[in-house]
Amino acid sequence: QKEVEQDPGPLSVPEGAIVSLNCTYSNSAFQYFMWYRQYSRKGPELLMYTYSSGNKEDGRFTAQVDKSSKYISLFIRDSQPSDSATYLCAMKAQAGTALIFGKGTTLSVSS
Amino acid sequence: EAGVTQFPSHSVIEKGQTVTLRCDPISGHDNLYWYRRVMGKEIKFLLHFVKESKQDESGMPNNRFLAERTGGTYSTLKVQPAELEDSGVYFCASSGQLFNSGNTIYFGEGSWLTVV
């Protein structure tokens with residue numbers, strides 16, 4: 001079993017839709033959870049960072065962590081064509097240790 | 001403030017040749033990481049420097065890969081001799097001191113390596 005599972009998609013939605021992206025993980029020691037956005041031929045860009053369980057909101061983006069279920073989510077409200085990218089979940093157990101990535105979900109938002 | 005910069009952005013080499021990738025982290029970042037993504041796979045950790053010391057090199061695939069960070073500034077990743085399976089994109093990332101902002105890791109745009 002992989003440490004982090006993420007459905008690669010692709011996921012296609014119309015502009016304005018609410019998007020839900022998810023990852024599951026197996027290592028209960030993970031405490032730090034990130035979502036990265038990666039545009040084609042670019043490096044991953046940190047989008048959201050959450051420590052332990054709970055919700056975090058930043059504009060149209062909401063990150064949720066449910067450690068009891070080993071499940072994390074990223075919600076995008078009012079999706080825009082500029083949100084079209086690959087979204088990568090990543091997590092780690094301790095500060096300074098290696099990030100473990102999911103495969104990424106490719107999102108396409110059509111206008 | 002400049003981000004993490006990597007050079008070259010693209011490289012095509014023949015099997016058996018040597019390639020050296022360079023990474024300049026964000027100024028003042030003690031932590032420097034190398035990651036790699038091969039086709040169809042997830043991004044995977046290679047190694048972690050704290051200043052000039054290798055903190056964790058558990059992800060290095062074999063002894064054909066050599067990473068250095070002289071003086072705790074820029075880092076190089078050398079692949080010698082390159083094999084076909086080394087093709088992929090090599091990402092460098094950096095973060096500040098652990099007690100301050102070490103949990104936020106910033107990535108460069110990657111060095112895309114093709115071995116033919």
Side-chain angles (χ1 to χ4, degrees), chain A residues 1-10 21-27 29-54 56 58 63 65 72 85-106, chain B residues 2-7 9-10 21 23-26 29-51 53-60 88-112 114:
Chain A
Q1 181 187 12
K2 283 187 179 295
E3 281 194 282
V4 179
E5 298 276 4
Q6 183 176 11
D7 185 344
L21 304 168
N22 312 293
C23 289
T24 59
Y25 62 95
S26 58
N27 189 344
F30 287 147
Q31 298 187 81
Y32 301 89
F33 304 92
M34 290 87 167
W35 285 96
Y36 283 83
R37 178 174 61 194
Q38 186 177 17
Y39 291 112
S40 180
R41 309 294 279 186
K42 297 290 186 181
E45 169 195 12
L46 181 65
L47 199 57
M48 299 285 283
Y49 155 64
T50 308
Y51 172 71
S52 194
S53 283
K56 187 171 185 178
D58 184 2
V65 175
I72 69 170
T86 296
Y87 290 80
L88 302 148
C89 64
M91 49 199 79
K92 58 183 179 176
Q94 297 175 358
T97 58
L99 279 174
I100 308 299
F101 280 87
K103 268 192 171 184
T105 300
T106 301
Chain B
V4 177
T5 56
Q6 294 187 243
F7 182 83
S9 57
H10 296 82
L21 310 177
C23 170
D24 286 79
I26 293 173
H29 278 190
D30 289 337
N31 295 282
L32 186 149
Y33 309 83
W34 284 98
Y35 286 81
R36 176 176 76 166
R37 183 168 193 164
V38 298
M39 183 71 73
K41 302 285 188 180
E42 61 273 15
I43 297 173
K44 285 198 170 178
F45 168 80
L46 296 178
L47 89 160
H48 171 204
F49 283 100
V50 178
K51 297 186 179 179
S53 300
K54 290 177 185 174
Q55 180 78 9
D56 180 358
E57 53 184 328
S58 61
M60 294 288 265
V89 56
Y90 291 76
F91 291 107
C92 178
S94 72
S95 67
Q97 292 182 15
L98 296 182
F99 63 81
N100 187 12
S101 58
N103 295 318
T104 305
I105 297 174
Y106 299 91
F107 281 78
E109 294 199 345
S111 288
W112 300 75
T114 302

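No hydrogens, no waters, no symmetry mates; every other heavy atom, side chains included, goes into these values. Chain letters run A, B, ... following the sequence lines, proteins first, then strands; residues in each count from 1.
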Salt bridge present between E109(B) and R41(A) (N-O < 4.0 angstrom): no

I'd like to check the ring-ring contact (aromatic ring centres under 6.0 Å, His included) partners of Y35(B); sequence neighbours left out, ordered by chain and number. F101(A), F45(B), F107(B)

Counting only heavy atoms closer than 4.5 Å, note whether L88(A) contacts chain B via side chain, backbone, both or neither. side chain

For Y49(A) and I105(B), what are the C-alpha separation, side-chain angles and deciding distance, and is it a side chain to side chain contact (heavy atoms under 4.5 Å, CB included)? CA-CA 10 Å; Y49(A) 155 64; I105(B) 297 174; over 6 Å; no

Donor-acceptor check, side chain of K103(A) to backbone of K41(B), threshold 3.5 angstrom: yes or no? no

Using heavy-atom distances under 4.5 Å, tell me whether K44(B) contacts chain A through its side chain, its backbone, both, or neither. neither

Minimal non-hydrogen separation, P44(A) against G108(B), with atom names: CD-O, 4.3 Å

4.5 Å side-chain heavy-atom contact, Q6(A) and E42(B): no

Which atoms of Q38(A) approach chain B - backbone, side chain, both or neither, heavy atom under 4.5 Å: side chain

Output the distance between atom OG (S95(B)) and atom CG (L46(A)), rounded to the nearest 0.5 Å. 11.5 Å

